[in-house]
Amino acid sequence: MIDAHLHLGEDLIFDGVDTTEEKILEEMDRCGLEGAVIYPANSNVSLEAERERNERVAAFCRQYPERIYGICQLNPNYEREMYQAEVEKYKEKGLLGISVNPQVYGWDPHSHHGQIVFETAARLELPLFIAVGVGLPLGQPLRLYDLCQAYPQVPVVLVHADKSYCGHQCETLAGECANIYLETSLGPNMRLLKKYVDRYGADRVIMGSCTMTQVEHSIYMHEHCGITQEQKKWTMGKTIKKVLGIERGMEKC
Amino acid sequence: MLIVDPHVHIGHDTTWDSNRTEDEVLGKMDETGIQAAIVQPAQFVTFEDYKTGHNRIYDFHLKHPKRIFGMFSMNPHFDEEMYRKEAERCIRKLDFVAMKLTPLTHIMSAGVKRARLPFEVARELKVPLMIHQGTGLPFSAATTFYPLIREFADVTIVLAHSGTTDNEMEGLFLAKRCPNVYLELSVRTPNIDNIRLFAREVGASRMMFASDSPDEMAHVIWECSHSGLNEEELAMVLGGTAVRAFQLEGRI
């Protein structure tokens, strides 16, 4: 069982969020999580602040390679060379994906910075984890449509897939683009979660929490939303392993 | 601990395409330990459908007089006299305990004159008015009802779903300013932190558990039980607040 969305470090956007490695491991043990995908805490004040957070995630992954999988997050409004160089550096350090948040960075997928993010993901063969339903209207899922169509080889995880009641847009994208995955932190209720699985398949739905206080709740929702045991194996672990390309050892889940 | 669910529907719902039955509702209530529920019609189209729905709920109540109670719901855009008479029949003759306004399916903007009707009738019949929130924006946005809720300060208002759809801050805004407002916790954006926030900001005595659907009964009980409320707060949220707000003392 893997939680595909937890943050590490001091968050500069949301007050009072400062999660440590110890707290994450403690909660994982308490809730029976075998693995977790760690995002850096949100920061948009400087490249240094982002580097510090990404480095910390990379170090955490190195310390617990069997349990902790990291992704990097950088301001997607940097210009192409700088953005790609930073992401590449973190790929070399073992991070397995790119997080993009339109709210934290005022990122518009329709701008050329949208192109830069997808180009980078395609070139480095990394999946994208894009927060949706936040930073509206920039965070509307359908703003990603053209890019998802243009880069079918890039797996795109819609993070918070129903936040701000944009589930219908997430569904439209998932129906049109085979590279779309639906991550359920702070998003769909249990009925919609089951609908996602029934309609798009458990191998395109991913359990995540975003905050430490929601981990147990996320597990409860996937356990009780009415999907089969086999489907749960996917939504609660196998799908995210597939997206991150770490299928080996999947039998552990 | 007494658990009361003040928001359950039965009947074939034309908006959501669901069809909840009495057996399903009672079965889930037994399974989850809910002692009593307030049942309202599904979303219907015609006056006759609503009336038939009310009669069906009354039959359900007669079979389980200490567990099942009725809530009137009807499109206020129907003929005013018809609306008033049906509300009066439900409350005075069928013993219903509350009224419901659903801006989504009643297509009711708080800004039109007819939006006053449910408030006026609730005041006359001295029953709480539950208002659906969230889906159906912008009509279902909580703060659009702020002027009416302030004007009808003597009417108990229950905000179904507490605003939901990431508009929970609007529900909280109203609850903090209007002592007649209660926050109802069914089918919200799934975020247990906000349950704690509500308790801190307005207190458990203004919050009530509800499910909206048999499928959600166990889930919302779980959310309330795992949100860090103390025993006393939890007792209020799961049952105490609803008993007081809907005047169910001695009836369960």
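As a basis for the values below, the full set of heavy atoms in this structure was taken, side chains included, without hydrogen atoms, waters or symmetry mates. Each chain gets a letter, A, B and so on, in the order the sequences are listed, and its residues count up from 1. Values in this document were obtained by computation on a predicted structure and should not be read as measured data.
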Please list, in residue-number order, every residue in residues 208-216 of chain A that has a heavy atom less than 4.5 Å from any heavy atom of chain B; write 'none' if there are none. A/T211, A/T213, A/Q214, A/E216
Under 4.5 Å from a heavy atom of chain B, the part of A/H217 involved: both
Contact listing (chain B partner; residues 178-201 of chain A; heavy atom under 4.5 Å): A/L186, A/G187, A/P188, A/N189, A/M190, A/R191
For atom CD of B/E232, decide whether the heavy atoms of other residues, nucleotides or ligands shown that lie under 6.0 angstrom number more than 12. no
When only heavy atoms count and the cut-off is under 4.5 Å, which of residues 216-230 of chain B reach chain A? B/E216, B/A218, B/H219, B/W222, B/E223, B/H226
Any residue of residues 5-16 of chain A which, by heavy atoms, sits under 4.5 Å from chain B: none
Measure the spacing between OG1 of B/T135 and OH of A/Y165 and express it to the nearest 0.5 Å. 5.5 Å
